[in-house]
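Since the structure comes first, as structure tokens, the remarks are kept for the end.
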Amino acid sequence: MEHHNHQHPAGQLGVQGQDDAPAHVHTQPDAPVHSHHGAPGMPDDDHTVHTHGQHAGHSTAMFKNRFWLTLVLALPVVYFSPMVGHLLGYMPPEFPGSAWIPAVLGTVIFFYGGQPFLRGGAQELKDRQPGMMLLIAMAISVAFAASWITSLGIGGFDLDFWWELALLVAIMLLGHWIEMRALGSAQGALDALAALLPDEADRVTDGVTETVPVSELREGDIVLVRSGARMPADGTVVDGQAEFDESMITGESRTVPRTVGDAVVAGTVATDNSVRVQVTAVGDNTALAGIQRLVAEAQASSSKAQALADRAAAFLFYFAAGAGVITFIVWTLLGSVPEAVTRTVTVLVIACPHALGLAIPLVIAISTEQAARAGVLIKNRMALERMRTIDVVMFDKTGTLTTGEPDLKDIAVAPGGDNDRLLALAAAVESDSEHPIARAIVRAANQRNLTLPAASDFSSLTGRGVRASVDGRMVHVGGPALLRELGVVVPESLARSTQAWMDRGAAVLHVIDGGQVLGAVSLEDAVRAESRQAVAALQNRGVKVGMITGDAHQVARAVAEELHIDEVFAEVLPADKDKKVAELQSRGLKVAMVGDGVNDSPALARAEVGIAIGAGTDVAMESAGVVLAGNDPRAVLSMLDLSRASYRKMWQNLVWATGYNILAVPLAAGVLAFAGVMLSPAAGAVLMSVSTIVVALNAQLLRRIKLNPAEVQ
């Protein structure tokens, strides 16, 4: 690739997005990624293990496997149940031992399928924090005991709940499996950061180069860093000079020259030449390790809000337990101990959360499916739940609100000049270059359907610009350094225009023919057309929009004014990005951070909701709770709308599920017995099934929401 190194004013746009780790992060020929680094990505659903909360120690695969086996066992339990046969009007087949099928298989289901809930319930009881697990454990334990009493003919009770036990366990396993698949987590962030380092380094000792593991490097060693290779440690250049891509570490929006005496950082890339570097920091002392610590701290500080269903389950546990005790006492005092037992068991069993156990998992599953169709990958359930509460969406600038590539912005000509002729001439000179700035100029000329004059004898002037022969005349295109070298004077009218461009951080290139400045063009990081719509739509929804960038203040200000952004943070380094999010949070604001680079990862992890642009780095995607498959910032609107809609569905389902129990439990307890109204165990079980169907159908209504980013208003 031809590098003609146009000279840019300090702080203006570069040819690569400030926060874009290059596409070759894991494929550098001189810095191979070995097997122990792996390919950090989404955690395997079937092996995701949760270490806290109600799913502690449980893997997704465990719930899935137990669900399928329990479902297979539940089918004959339901079919051979006399209660189900009576309800549906059929007679289960009879043969020797057939009457014991529900009891035997139900017992297997209780101990095998119910094991996670029994253990979880015991832990919640021990912690004195009742929730979903304890409520399920109570229901299946009561159903198990009552059903065995009935099967053994003890006391003459008719409390055959084997089919109810089997279905409850199957439904709860399904709900937890669905929930855990939807949960996900950004647990590969630190591995992805570590993968930025090469496994080996070329150490130079007494003029001899040897390849050694990075772990063997010590302070003071000299290492050879070849063109295209990554720095294995922090150090100081002692021989040679090269352009370093530091975007993934520092947030700089362009490559920076590093020569003898300059410091270089682990994980950065020497893009054009080889250099020798003396190691100054290794391991935990490197800048990259510092970012790793920031990510770990930010993730540890993330909110661990309790799920809505757990709060509802805690309420229902106390409600059901209290109702059960009162029911037993009252009916016993009325002189009917058998009726007291029947009523109490019925109360405790029908308090089991069929609908509650599916209310939120179904909403989450459908939400994540709908989001995926809109290009939004939800990795963390709490990110979906929290998005509706966000006060400000903080966008990284380069590669998120902007394309990260230069684009022709303005043209100005000397008196008597012509814009199209100037652009055609500049494009002709640049046509043989592959530099992004050159491509931007040629692209602009092609969009205007301009005819380019023939150019020959192209050459690059390092750090100054380019030149080529056009119609027998030598034409130069370059920045301020080229003007000084050629000793040309910019006309005053043209200088006023170019100064305004430079004040806002644009790259300015002059076109010079025969010692005369014909005009100039400005190039800026192109603002995405979708960004304007995204910012306006967020503000219309009452959400503020912020922008954070490592670029200069004037660059950030120009973009912010164009997009009408509410709050801007410029010239921000990685640690400061994290601090800026924390600063907003200290003001009582809930923050969603949208970014795409390694230097965004601490801020993504710190924010209430971290949203990574899908074209960004592995680290950014692993640190975020949400990943946008494309680069369209309007997808944030899809996430916000879905969060608000799914939260409404969650509450609707919870109100229905808990409301059913609040009404059904007193009826099962016999509060209207004096009026001849009694809820039988069979009727209660049927009503629970109806309640489950209602919440399932209500969750399906989420599919009607339009989430296509192109259709947001």
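Sequential numbering from 1 along the given sequence is applied to the chain's residues.
Counting heavy atoms from C-beta outward, Pro232 and Val282 have side chains that stay 4.5 Å or more apart. Taking 4.5 Å as the limit, every side-chain heavy atom of Arg218 sits out of range of all side-chain heavy atoms of Val279. Looking only at side-chain heavy atoms (C-beta outward), Val636 and Val594 come within less than 4.5 Å of each other. Contact of the Asp503 side chain with the Gln554 side chain is not registered, since no non-hydrogen atoms from C-beta on lie closer than 4.5 Å. Residues Lys579 and Arg606 have side chains not in contact (no heavy-atom distance under 4.5 Å, counting atoms from C-beta outward). Annotation: side chain of Gln499 is in contact with side chain of Met502 (closest heavy-atom distance under 4.5 Å). Using a 4.5 Å heavy-atom threshold, the side chains of Asp262 and Gln241 count as separate.
Smallest separation of non-hydrogen atoms from Met547 and Met394: N-SD, 3.4 Å. Closest approach of Glu608 and Ile390 over heavy atoms only: CB-CD1, 4.0 Å. For the pair Asp391 and Gly588, the tightest heavy-atom approach, listed with the atom from each and the gap, is OD2-O, 3.9 Å. The two residues Thr236 and Val264 make their nearest non-hydrogen contact at N-CG2, 4.4 Å. Pairing each heavy atom of Val214 with each of Pro198, the nearest pair is CG2-O, 3.1 Å. In this structure, Ala281 and Thr286 approach most closely via the heavy-atom pair O-CG2, 3.5 Å.
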Take Glu583 and Phe569, measure what side chain to side chain contact (heavy atoms under 4.5 Å, CB included) needs, and give me the verdict at the end. CA-CA 11 Å; Glu583 177 186 320; Phe569 299 101; 4.1 Å; yes

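Expressed to the nearest 0.5 Å, how far CD of Gln533 lies from CG of Leu637 amounts to 8.0 Å. Between Glu243 atom CD and Thr259 atom OG1 the span is 10.5 Å, to the nearest 0.5 Å. Here the CD1 atom belonging to Ile565 is positioned 13.5 Å from the CZ atom belonging to Arg557, to the nearest 0.5 angstrom. Taken from CD1 in Ile548 to CG in Asp578, the straight-line distance is 9.5 Å, to the nearest 0.5 Å. Note that CG of Leu217 is 11.5 Å distant from CG of Asp234, once rounded to the nearest 0.5 Å. Taking CD1 from Ile611 and CE from Met387, the interatomic distance works out to 4.0 Å, rounded to the nearest 0.5 Å.
Evaluated for a side-chain contact (heavy atoms from CB on, under 4.5 Å) with Phe395, the options Val559, Leu538, Thr402 yield exactly one hit, Leu538.
By the 6.0 Å contact criterion, CD on Glu567 is enclosed, its count of non-hydrogen atoms from other residues, nucleotides or ligands being greater than 12.
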